[in-house]
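Working notes, structure below.
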Amino acid sequence: MSTETMTKPAKATTLQAINAAIADAMEEDENVVVLGEDVADPEEGGVCGVTKGLSSRFGDQRVRSTPISEQAIIGAAIGASMIGFKPVAEIMLMNFTTVAMDMIVNHAAKLRFMSGGQTHVPIVIRTMTGTGFSSGGQHSDYLEAWFAHTAGIKVLAPSSPQDAYGLMRSAIDDPDPVLFIENGPTYWTPAAAPEKGQRVPIGKANVLAEGTDLTIIAYSRMIHEATPAVAKLAEAGISAELIDLRTVAPWDREAVLASVAKTGRAMIVHEAVTPFGVGAEIAAVLNEELFGKLKAPVRRLGGAFCPVPFSKPLETAFAPQTAEIVEVAKGMVG
Amino acid sequence: MSTETMTKPAKATTLQAINAAIADAMEEDENVVVLGEDVADPEEGGVCGVTKGLSSRFGDQRVRSTPISEQAIIGAAIGASMIGFKPVAEIMLMNFTTVAMDMIVNHAAKLRFMSGGQTHVPIVIRTMTGTGFSSGGQHSDYLEAWFAHTAGIKVLAPSSPQDAYGLMRSAIDDPDPVLFIENGPTYWTPAAAPEKGQRVPIGKANVLAEGTDLTIIAYSRMIHEATPAVAKLAEAGISAELIDLRTVAPWDREAVLASVAKTGRAMIVHEAVTPFGVGAEIAAVLNEELFGKLKAPVRRLGGAFCPVPFSKPLETAFAPQTAEIVEVAKGMVG
Amino acid sequence: MSNRAVPDAATQVEIYRRMALIKANDERSRKVVMSGRLVMPYYSPRGQEVIPSAMSVNLNDDDYLCTIYRGTHDMLAKGFPLKDLWAEIAGRVDGTCKGKGGPMHLTYPEKGVMVTTGIVGSSMPIANGLAWGSQMRGDGRVTVATFGDGASNIGAFHESLNLAAVWKLPVIFLCQNNEWGEHTAYHKTSNVRVADRAAAYGMAGERVDGNDPFAMYAAANEAVARARAGGGPTLIEAMTYRFHGHVFGDQDAYMDKARKAEAMENDPVSRFRARLIADGISTEEQLAAMEAATEKEIDEAIECALASAFPGVEELKRDVFAEELA
Amino acid sequence: MSNRAVPDAATQVEIYRRMALIKANDERSRKVVMSGRLVMPYYSPRGQEVIPSAMSVNLNDDDYLCTIYRGTHDMLAKGFPLKDLWAEIAGRVDGTCKGKGGPMHLTYPEKGVMVTTGIVGSSMPIANGLAWGSQMRGDGRVTVATFGDGASNIGAFHESLNLAAVWKLPVIFLCQNNEWGEHTAYHKTSNVRVADRAAAYGMAGERVDGNDPFAMYAAANEAVARARAGGGPTLIEAMTYRFHGHVFGDQDAYMDKARKAEAMENDPVSRFRARLIADGISTEEQLAAMEAATEKEIDEAIECALASAFPGVEELKRDVFAEELA
Ligand SMILES: Cc1ncc(C[n+]2csc(CCOP(=O)(O)OP(=O)(O)O)c2C)c(N)n1
Ligand SMILES: Cc1ncc(C[n+]2csc(CCOP(=O)(O)OP(=O)(O)O)c2C)c(N)n1
Ligand SMILES: [Mg+2]
Ligand SMILES: [Mg+2]
């Protein structure tokens, strides 16, 4: 998709939206640069083609395929960002952040603070993950809770092409490090196309459906499980409000609290394993802030507490599904 | 301290207790081996001397100082453990786990599951951390929530020499990977010495003080902030129950729920930053399981949401302190 | 180099048998994935048959192997049973990992297949641990870590080779240089040959034609002998070529067509087959019979696999720890 | 090697000035920590004065430096102001990082001191990024990453050197081989010289006597020239010796006493001082005056530091992100 067609009220995929967001940012600001494994065009713009066309358009210096060296990738992004560049670095899959955690956590997230504000690290780390590809235990994890538990880095997880575009633009604008989590299995799902230049603010949730009986809080692919659940619940006479967090850290406490104050019931849905996940933080805050005002215990639906299994029926059972959301919601309201 | 003196009703430090636990395990089982930077005696048994004497006693093959190569350290431990050894690997400081996350999370924690139980990884990863040494942003982090959020690895965090000994023995006995978190600043604090051979079961909390008005849940060094708080609260007429979690994952839900069911109020204290920390999970579970039965919102006291600062007043302010615990408790009960 | 070990006739045939098995299994795998009968990420080892075949005839069942996602050739050469493999990649309960590991995590300790990893570089640190265990026991076993050219640029490679060299571990670092790391050509990611890096660790190392069974056999033989004799690790860079895209479905437009055609024309499997016959080591009939037997075995394995049940959801609670989760 | 660059008289004196500053500052630091006036982990660079001094006279203020916990010598040589440094290690608000970074995270971008890290190996990946920025801008700047011998065994070293070589980055990897990594002797952790590893990346590299200002100057000069000319990175292994334990308080019982005594007898600072006088480059009076000025500057810096206030707790909410936390 070219950036021109994007301005039409057309459909786009998330993959196209991310591509367009980076392209538009590169066009506007020559300090935006891209690096990662296979990201340049001789290497097809990444294994899924998310960065396709960028090196042909903006040159080999600004779009660089790298060796398989994640620490070096993030380190290079950090260094360049400290002197005015805005690197968009790709860590192909979220599980591979494990080989770059020092660079991300001890350096990118901390340099502003440790330098007393003298330096800062405006990088975007793009990464992809999710169950659904039958990739098994080392290629499917959602690890956003780790980064949310790290002071100094923001964590985004869009669920639609528009949000992907708008959040990517905001991430590149942002003066601090941002982890941008893409869901692989929904890369190619078409939806309303973003408008060129549009920003989605970091830290602002999106109310996807208004309701009165309970609030479902989700993000990333789980929105696509929750959306049909809301419809099914409506059929059953239950009015569910659906909030797409979009930003996991810092999450939109205001929007979530307002919604749950209204509905009195909350369910958090994510693909990461439940224990010590993002749902725990939200549940803890809801209970603290709305103590005595909740009509039912806050419920958390997350991945099963195990590595992601390969076998299809197990992989499917691992992550929360529409039916489960409906069932739990009914139990809460009923 | 020799293991002989340990059987006397004497005092011991946590450092001595860990040393004795490893020594006693090595004596009983020749498959127990030790590796890490500086761990052998020519290198003084580690920078703090936790493994002092072991290589002299058990030989160079079983106690090996390594190059500064944390991935290689954990990898070697994993491989040896798969064929019957019980490696105790040291990652000098918890922040350095960031350079070995792939080995710990993608491999140690997952190999049993991914192999369908054909292999398993009985390793103990010892690591040390904590504020108080004025070490600043890259040497003081508590990252236990990351590992607690990882299926397949257990997380221990003792607060006393007896627990350190008993949990280390249990960790070495355990057929699965265990992360053993030591608090540096309390290494040299003497307390009741452990008995040789004694085990502290993994997954069992310890009620350090019984009370009726609220439950304080803590672990690692925070026990030493909470203990005087309990005394101060008693002076103020507030009866606090203090639970030392000891095992962070899997934590003792039964004990914690029983206590909070009794007191109706709970506060969780840890040194890790509050958002998305261990306290969130405990708060979420308490609210879910004791919905409508709590007398006050569950409160979480954790580190400030920033990297650990160097400057002494800031470092001190970063972590929860006795006075703060007392104040929050009074607010909850009052 | 003239006095290098040469495989005897029976060994040559055995090397070929393993190569043919790998090739046949790969062709069938691609067919099955193409047809949609099985859904999995499939990393074809086609073109790389010689390397593990000539290596593994120098190994025993109880020698250890740590391999990677592109590893069915390594596993089959090491004796991984077809049935356990096919049931696993079909995600069935009769799979070697009960379907929980899948193609990237195939494990079969009985034949020494200890780890299959999907993380680039990660076969090496764990291989060191197995080798360290052998060293402590003095059991004379050898551990082979296989990995790709692209993996030679990641931190784990460096830490592992250094530790192995310093500790003189009985481990072989077998780099299969197929010229590609996903879509990126090796020469764009390093200024040197992989084998040149052995010197940076004070380790024995060589580049060898990994598509030549004789050269590969000799290199493997020496490395295994060195390891068993306590002489420490070896880095072997075995030159080969990846016949297909990185993963099944990759259209490999980035690969030079002429280079690829040339490599496929020099298919090491058919080349070695012709040579065995030309040298009088075997006959067309014998080889054809062997190949037919292999095909039959594969048929049976697939049949078994597809007849096997899927694991039940209770498996999500098993094998996380020794004790089943509540 | 005979045609190598030689520092002129003024440069020699300047190298010495930096060395003497480092030595004086170190002696004072140890005194202040010993006395308990300041509490901090202190990693003495004593014995390693020549390396950054002879390097930095080849650099401009706007060239970049990434250094490590043992880095005050690198920083001071690069022009880091004493007052900003002392107030920082005293944890005061007038410190360069407002007291929030401390001795392991000293930063002073005005003089190019971009990163000080406490994680072994981590100066290198970030240095590449600064150098990449310079390369993209074509600004002719050079980045120096310093690190220890022990750091040459960690993954980040490998990834960084490889990337720098492939991208031909204007970066210098300056390994200060002081024979020790904490309590472990370098020779126990590697079979080779650090400089031997340059070949594994197709990178220029050399081992040099890091305690010889002439040799070190020449090596630095060439590396800087290479980087500025677009010739890519250089690995320098500068041989030196750590006069004290790893960190203040370490009783260094593991260090061979004779070797240490020998190194201290050959103190590079007093040796170079004597030579400057013997060669007629400077006089006892001039150097003594210079040293006295340095001492005075240190006095003033410490005084300023101790007079500065501690940061308020509101700083916990600042500099986490650009926007202050609520
Ligand atoms: C740490 C890490 N980074 C990136 C990837 C994604 N990835 C999978 S295979 C591959 C290419 C590896 O190339 P090579 O080592 O040559 O092995 P080959 O696939 O050619 O056998 C990459 C980049 C990964 N699995 N792990
Ligand atoms: C990744 C990591 N592992 C371990 C440490 C602990 N540590 C701090 S300094 C040091 C020794 C480093 O030795 P070397 O690189 O030679 O530098 P030197 O201290 O001699 O200047 C170690 C192991 C660390 N800071 N980071
Ligand atoms: Mg390859
Ligand atoms: Mg050193």
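Worth knowing before you read on, the calculation uses all heavy atoms, side chains too, and leaves out hydrogens, waters and symmetry mates. Below, read A as the first sequence line, B as the second, and so on, with proteins coming before strands; counting in each chain starts at 1.
Looking at D/K317, neither its backbone nor its side chain comes within 4.5 Å of chain B, counting heavy atoms on both sides. Contacts of D/T117 with chain B are made by both backbone and side-chain atoms, with heavy-atom separations under 4.5 Å. Heavy atoms of D/V313 lying under 4.5 Å from chain B belong to its backbone as well as its side chain. Contacts of D/L325 with chain B are made by side-chain atoms alone, with heavy-atom separations under 4.5 Å and no backbone atom involved. The parts of D/A253 that come within reach of chain B are both its backbone and its side chain, each placing non-hydrogen atoms under 4.5 angstrom from that chain. With a threshold of 4.5 angstrom between heavy atoms, B/F96 approaches chain D through side-chain atoms but not through N, CA, C or O. Within the 4.5 angstrom heavy-atom criterion, only side-chain atoms of B/A304, from C-beta onward, approach chain D.
A salt bridge is defined here as a Lys NZ or Arg NE, NH1 or NH2 lying under 4.0 Å from an Asp or Glu carboxylate O, and D/K100 with D/E88 fails to meet this definition. Using a cut-off of 4.0 Å between Lys/Arg side-chain N and Asp/Glu carboxylate O, D/D319 and D/K98 are scored as salt-bridged. Salt bridge annotation for D/R207-D/D196: absent, with no cationic side-chain nitrogen under 4.0 angstrom from a carboxylate oxygen. Ion pairing between a basic and an acidic side chain is recognised when a charged N comes within 4.0 Å of a carboxylate O; B/E182 and B/R126 show such pairing. The pair B/E327-B/K330 does not count as a salt bridge, with every side-chain nitrogen at least 4.0 angstrom from each carboxylate oxygen. Using a cut-off of 4.0 Å between Lys/Arg side-chain N and Asp/Glu carboxylate O, D/K78 and D/D74 are scored as not salt-bridged.
Chain D forms more heavy-atom pairs under 4.5 Å with one residue of B/Q138, B/E70, B/K312 than with any other, namely B/Q138. With respect to chain B, the highest number of heavy-atom pairs below 4.5 Å among D/G91, D/A156, D/G155, D/A90 belongs to D/G91. In terms of heavy-atom pairs under 4.5 Å with chain D, the best-connected choice from B/G46, B/G136, B/S135 is B/S135. Among D/T184, D/V247, D/D250, D/V320, the residue with the largest count of heavy-atom pairs under 4.5 Å with chain B is D/T184. Across B/S65, B/A72, B/P307, B/P309, the residue that shares the most heavy-atom pairs under 4.5 angstrom with chain D is B/P309. Across D/E182, D/H246, D/R92, the residue that shares the most heavy-atom pairs under 4.5 angstrom with chain B is D/E182. With respect to chain B, the highest number of heavy-atom pairs below 4.5 Å among D/G181, D/G102, D/S122, D/A185 belongs to D/G102.
If you check the side chains of B/Q321 and B/E225, you find no donor sitting under 3.5 Å from an acceptor. For the residue pair B/Y219 and B/E144, a side-chain donor N or O sits within less than 3.5 Å of a side-chain acceptor on the partner.
Ring-centre distance between B/H139 and B/F133: not below the 6.0 Å cut-off.
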